[in-house]
Number of protein chains: 2
Amino acid sequence: MSITIKDIASTLGISPSTVSRALNGHPDISEKTRKSVKDLAKKMNYQVNQMASGLRTKRSFTIGVLVPKIASHFFSSALSGIQEVAVANNYQVLICQTNESQNQERKYVKSLLSAKVDGFLISLAKGQKTITHIKAIVDNKVPLVFFDRISDSFNVPKIEAEDFKGAHRAVTHLIDTGCRKIVHLAGPDNLTASYNRMQGYKQALKDKNIPIDEKLIIPCDFDPENAKKAIHRLMGQNGDIDGIFTVNDELGVEAILTLKSMNIKVPDQVSVVGFGDFPICRIVEPNLTSIRHNPYQIGLEAAQCLFSQINHKNIDGGSRRVIPSELVVRDSSKTK
Amino acid sequence: MSITIKDIASTLGISPSTVSRALNGHPDISEKTRKSVKDLAKKMNYQVNQMASGLRTKRSFTIGVLVPKIASHFFSSALSGIQEVAVANNYQVLICQTNESQNQERKYVKSLLSAKVDGFLISLAKGQKTITHIKAIVDNKVPLVFFDRISDSFNVPKIEAEDFKGAHRAVTHLIDTGCRKIVHLAGPDNLTASYNRMQGYKQALKDKNIPIDEKLIIPCDFDPENAKKAIHRLMGQNGDIDGIFTVNDELGVEAILTLKSMNIKVPDQVSVVGFGDFPICRIVEPNLTSIRHNPYQIGLEAAQCLFSQINHKNIDGGSRRVIPSELVVRDSSKTK
DNA sequence: CTGAAAGCGCTTACAG
DNA sequence: CTGAAAGCGCTTACAG
């Protein structure tokens with residue numbers, strides 16, 4: 001039904017081989033033939049059948065992307081960056097949302113492997129334990145790049161946000177503006193990003209000779225409800241808490257809203273600093289001080305790294321690229 | 001390199017045909033053969049080559065989705081709904097972001113056609129004039145469903161938010177709570193969704209015998225900056241404006257922030273109602289009254305509609321499904 | 001500069 | 001119940 005190379009060949013009275021070569025810009029073909037083929041292709045609205053050419057060339061011109069959640073500022077921005085690079089390389093992007101489920105992740109990897117994608121861009125679901133499906137990708141020698149949610153168990157390139165340094169910067173800012181008893185509303189610590197932010201928090205305290213109190217580190221699993229409960233509990237028993245550093249901006253916003261509902265003044269009584277610099281920082285009141293990282297850039301560089309593997313086959317093993325971050329001071333923290 | 005049906009056949013000493021049938025659950029195959037094939041396939045970690053089977057069966061098990069922007073609450077939620085249905089149908093989803101550019105949209109359609117997707121789910125870029133690329137889809141007889149950003153120029157199914165009624169509800173609420181001079185910060189009126197919301201606004205005024213003042217309808221093209229400027233200008237010249245209805249929540253939030261920066265009390269002096277019920281409604285202060293529609297549901301139903309075409313081929317032409325909305329009253333509007 | 005032929009990995013009418 | 005053969009639409013060594 002859909003028109004093929006053969007149709008063009010027969011109307012032009014030449015062979016399909018020649019049509020294929022003309023369409024693909026093969027140097028052997030005469031200018032005249034090339035032109036007549038291209039003109040007719042355009043006129044007939046010919047579109048190469050990617051399944052057929054992919055089967056022949058072993059290239060699907062498709063990459064697969066796994067993210068925990070599409071509907072999040074971080075990942076949807078990263079996806080934009082990825083798409084940008086993919087388009088520039090004439091590639092399609094298969095986007096899969098794992099919903100933080102390893103099971104779902106496993107299924108997607110299987111089906112993307114079956115779709116013969118030329119490469120994978122993966123931000124892991126939380127709770128990583130059994131990652132045999134990732135091993136399947138590596139075993140099949142399909143290029144793979146981790147971004148944001150990475151795993152050190154594999155010798156593949158990784159693109160990360162500046163988690164440790166960013167967190168360090170955030171907490172140092174809190175200390176420098178007078179906070180001494182600083183809570184950390186943490187993410188799942190089996191995620192490197194969360195873990196590194198927590199380490200940054202700890203190191204900043206150490207550097208300023210403030211003792212680390214493990215009871216002030218609350219795992220919230222990215223759930224604002226947990227943040228709310230934790231704040232209610234902590235503020236009840238520790239009247240002297242004066243700062244909160246959250247693993248991301250959603251929890252930071254929740255912290256501000258909760259403190260306000262308890263009639264605790266932000267930042268006069270308690271300062272809050274988030275992580276991510278999402279647009280919501282400028283909506284909540286007081287505006288949330290945060291760490292700006294660049295999800296678009298992270299996606300972009302992850303994709304560039306993947307395509308350099310796909311195109312030049314230079315597998316540079318477990319390289320690691322950290323995208324810089326910066327502190328953005330707003331009204332939820334004090335000035336010096 | 002990757003293992004094929006032939007490998008399984010030769011190790012088992014049977015023909016590829018039989019392996020294919022066994023794997024696909026063909027009824028003719030004996031239980032014994034089926035089991036040995038499936039066991040070996042699992043053991044060898046066999047994955048069917050989708051390009052090959054797709055070429056043969058003329059089915060790619062892939063659908064293409066076009067959205068103006070991934071990084072938006074509405075579309076990323078809709079995408080989740082779409083993904084849900086796709087997975088249930090064993091389909092992959094190619095997601096393309098048009099960035100509101102018709103040119104980009106045209107390119108994506110071309111390349112998805114070339115990828116031989118089994119169906120399209122499209123939310124159009126704004127500024128629709130030349131939509132010949134959409135015609136190409138229809139001409140190729142590839143199933144297509146429009147969602148949210150629809151066009152009436154094509155006889156294909158459409159899934160929409162309840163734009164007219166929702167807007168009518170929003171504005172009626174403003175009037176019922178005492179507003180009389182109501183501004184509408186509008187979207188691009190060549191988008192049906194925006195247009196219908198504007199019509200809902202107008203009808204609500206008519207129904208309450210309030211004259212429509214075209215100078216109070218400000219096209220903002222979804223840009224918060226335009227909303228800000230419009231409010232500054234209008235509030236300067238019309239001291240008696242007492243309500244604002246915005247085409248979406250982003251503009252609604254911007255309206256609240258702008259009014260506050262001008263020391264105008266919300267809702268005492270001016271009430272604000274948005275559209276969408278995005279999470280930001282509960283972050284801005286006062287919390288934004290809005291119209292809840294269900295982007296996840298819209299995506300879900302659009303996908304279901306598409307798959308009913310793909311699977312049963314029942315093209316039900318230009319059917320139209322409107323997903324219900326409801327008014328969610330918060331603090332940015334007055335109580336009766 | 002162009003064509004005939006083989007083959008990518010699969011599915012499926014046809015035959016037995 | 002199973003196999004041999006053809007073919008999906010393309011690309012590409014080989015030959016001339």
Side-chain angles (χ1 to χ4, degrees), chain A residues 1-38 40-41 44-62 90 111-118 140 142, chain B residues 1-38 40-41 44-62 90 111-118 140 142:
Chain A
M1 44 186 68
S2 171
I3 104 128
T4 72
I5 229 175
K6 256 180 164 172
D7 300 325
I8 298 183
S10 68
T11 39
L12 246 37
I14 57 177
S15 77
S17 324
T18 304
V19 174
S20 171
R21 290 196 187 95
L23 254 15
N24 292 311
H26 191 99
D28 275 1
I29 303 297
S30 75
E31 189 49 50
K32 186 167 149 288
T33 315
R34 192 200 322 281
K35 186 167 165 18
S36 64
V37 169
K38 288 210 166 177
L40 183 60
M44 297 178 88
N45 203 11
Y46 168 78
Q47 299 293 343
V48 64
N49 183 324
Q50 275 192 189
M51 289 193 285
S53 78
L55 181 59
R56 201 35 247 258
T57 60
K58 310 263 182 202
R59 241 185 135 160
S60 64
F61 282 93
T62 302
N90 278 312
S111 87
L112 291 177
L113 241 19
S114 186
K116 304 292 166 192
V117 294
D118 296 337
N140 275 281
V142 180
Chain B
M1 47 185 69
S2 173
I3 103 129
T4 73
I5 229 176
K6 256 181 165 172
D7 301 324
I8 297 183
S10 67
T11 41
L12 246 37
I14 57 179
S15 78
S17 326
T18 305
V19 174
S20 172
R21 290 196 186 94
L23 254 15
N24 291 313
H26 192 98
D28 274 1
I29 302 298
S30 74
E31 189 49 51
K32 187 168 149 288
T33 314
R34 191 199 323 280
K35 186 167 165 17
S36 63
V37 169
K38 290 211 165 176
L40 184 59
M44 296 177 89
N45 204 13
Y46 169 78
Q47 299 292 343
V48 65
N49 183 324
Q50 275 190 190
M51 289 193 284
S53 77
L55 180 60
R56 203 30 248 262
T57 60
K58 309 260 182 207
R59 244 187 132 158
S60 65
F61 282 93
T62 302
N90 277 312
S111 87
L112 290 177
L113 240 20
S114 186
K116 304 293 166 191
V117 295
D118 296 337
N140 274 280
V142 180

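Residue numbers start from 1 in every chain, and the chains themselves are labelled A, B, ... in the order their sequence lines are given, proteins ahead of strands.
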Within less than 4.0 Å of OP1 or OP2 of [N], is there a side-chain N or O belonging to [X]?
X     : N      : value
A:N24 : D:dT11 : yes
B:S15 : D:dG3  : yes
B:T18 : D:dG3  : yes
B:Y46 : C:dC10 : yes
B:K58 : D:dG9  : yes

Item to complete: Dump the intermediate steps for side-chain contact (heavy atoms from CB on, under 4.5 Å) on A:N49 and A:S2, then the final yes or no.
Response: CA-CA 9 Å; A:N49 183 324; A:S2 171; over 6 Å; no

To the nearest angstrom, the CZ-P distance between B:R59 and D:dG9 comes to 17 Å

Between CE of B:M51 and C1' of C:dC8 the distance, given in whole Å, is 9 Å

In this structure, CG of B:N45 is separated from CG of A:N140 (nearest 0.5 Å) by 7.0 Å

* Indicate yes or no for a side-chain donor-acceptor contact from B:S114 to the backbone of A:V48 under 3.5 Å, with no hydrogens or angles considered. => yes

Practice task
Return yes if some donor-acceptor pair links the side-chain N/O of A:T11 with the main-chain N/O of A:D7 below 3.5 Å, else return no.
Solution key: yes

Among D:dG3, D:dC8, D:dC10, the one nearest any side-chain atom of B:L55 is D:dC8

Secondary structure of DNA chain C per the Watson-Crick/G-U criterion (both distances under 3.5 Å; [ ] crossing, | other strand, . unpaired) is |||.||||||||.|||

Residues passing the salt bridge (Lys or Arg N to Asp or Glu O under 4.0 Å) test with B:R34, sequence neighbours excluded, are B:E31

Exercise for the section: Answer with base, sugar-phosphate or nothing: what part of the nucleic acid does A:S20 contact at a heavy-atom distance below 4.0 Å? Expected result: base

What's B:S17 touching, base or sugar-phosphate or nothing? Going by heavy atoms closer than 4.0 Å.
base

### Task
Using a 4.5 Å cut-off on heavy atoms from C-beta on, say whether the side chain of A:Y46 contacts that of A:I5.
yes

